[in-house]
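Notes follow once the structure below has been shown.
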Amino acid sequence: MRERFFQNVYELVEKIPPGSVATYGQIALMLGHPRSARAVGFAMSGAPKERGLPCHRVLNQRGELSPEHVFGGRGVQRMLLEAEGISFLRDGRVDLRRHLWKPCV
DNA sequence: CGAATGACAATCT
DNA sequence: TAGATTGCCATTC
C-alpha cells in the first residue's frame with residue numbers, strides 16, 4: 001500500500017530534533033517525492049498526535065504552520081515551538097533560515 | 001472505478 | 001518583487 005508514504009512521513013517527522021523545523025517539501029523530498037508536499041500535509045491531517053508526532057515542527061515553505069485549529073487552539077503552536085527554542089518573527093512566522101531542519105547533522 | 005478534496009510547492013504573468 | 005494560477009501526490013466519498 002502507499003501507506004508506506006504515510007509511515008515514512010511519520011518516521012521522518014518524529015526524527016525532527018527539537019529546536020528545528022522541517023517543511024512539507026523538504027520532507028517530501030527526503031521521501032523521494034519532490035512534489036508530494038500536499039500528500040505529506042495530508043498524511044499529517046490524520047497524524048496521530050498521541051503517537052508523539054511533533055506535527056507542530058512541520059511547517060510550510062512560508063515558515064508558518066497549518067491552521068491553528070488543527071492543534072486545538074490558536075497560538076498553541078507558537079508556544080510549543082517557542083518552548084523548543086524556535087525563534088519567532090514579528091510576523092508570527094518561524095525563522096526557517098535559522099531553524100530549518102538539516103538532515104546532514 | 002471516477003471525481004473531489006487537502007496541514008503545499010513551483011512556475012508564470 | 002508580488003500576486004495569481006496550475007500541478008502533484010495520496011486519501012476519501
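Here is how names work: the chains are called A, B, and so on, in the same order as the sequence lines, proteins then strands, and each is numbered from 1.
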Hey, what do you get for NE2 (H99(A)) to CG (D95(A)), rounding to the nearest 0.5 Å?
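Reported to 0.5 Å precision, the distance equals 6.0 Å.
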Atom CD in Q77(A), atom CD in E82(A): separation rounded to 0.5 Å?
10.0 Å
Backbone N or O of A43(A) within a donor-acceptor pair of the Y10(A) side chain at under 3.5 Å?
yes
Any side-chain to backbone donor/acceptor pair from N8(A) onto E11(A)? Under 3.5 Å, distance only.
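Not a single qualifying donor-acceptor pair exists.
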Per the under-4.0 Å heavy-atom filter, residues of residues 79-88 of chain A near DNA chain C come out as none
Residues R98(A), I86(A); criterion side-chain contact (heavy atoms from CB on, under 4.5 Å); working and verdict:
CA-CA 8 Å; R98(A) 197 171 140 99; I86(A) 308 290; over 6 Å; no
Can you hop from [X] to [Y] via hydrophobic side chains spaced under 4.5 Å?
{"X": "V58(A)", "Y": "L100(A)", "answer": "no"}
{"X": "F88(A)", "Y": "L59(A)", "answer": "yes"}
{"X": "L29(A)", "Y": "W101(A)", "answer": "no"}
{"X": "V9(A)", "Y": "V70(A)", "answer": "no"}

Does anything in residues 55-67 of chain A come within less than 4.0 Å of DNA chain B? Heavy atoms only, and list the residues if so.
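DNA chain B contact set from residues 55-67 of chain A: C55(A), N60(A), Q61(A), S66(A), P67(A).
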Please list residues of residues 10-29 of chain A whose heavy atoms come under 4.0 Å from any atom in DNA chain B, ordered by number; otherwise none.
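Output list: T23(A), Y24(A), G25(A).
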Could you run through nucleotides 3-9 of chain C and give me one letter per nucleotide, 5' to 3': B if any protein heavy atom sits under 4.0 Å from the base, S if only the sugar-phosphate is that close, - if neither?
----BBB
Take atom P in dA7(B) and the same atom in dG3(C), then report the distance between them in whole Å.
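Between the two P atoms, the distance is 22 Å.
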Validation: residues 12-28 of chain A side-chain donor-acceptor distances under 3.5 Å, sequence neighbours left out:
| residue | atom | partner | partner atom | Å |
| --- | --- | --- | --- | --- |
| T23(A) | OG1 | Q26(A) | N | 3.1 |
| Y24(A) | OH | S66(A) | OG | 2.9 |

The first and last nucleotides of DNA chain B lying within contact of chain A, meaning any atom under 4.0 Å from one of its heavy atoms, run from dG6(B) to dA10(B)
I'd like to check L96(A) versus R62(A) (side-chain heavy atoms, cut-off strictly below 4.5 Å). Are they in contact?
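No - every pair of side-chain heavy atoms lies 4.5 Å or more apart.
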If you take all heavy atoms of H56(A) and L65(A), which pair is closest and at what distance?
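So the two residues come closest at O-CD2, 3.1 Å.
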Shortest non-hydrogen separation from M44(A) to C55(A) and the atoms involved:
SD-CB, 3.9 Å
Residue pair E68(A), V76(A): steps toward the side-chain contact (heavy atoms from CB on, under 4.5 Å) verdict
CA-CA 7 Å; E68(A) 309 154 352; V76(A) 179; over 6 Å; no
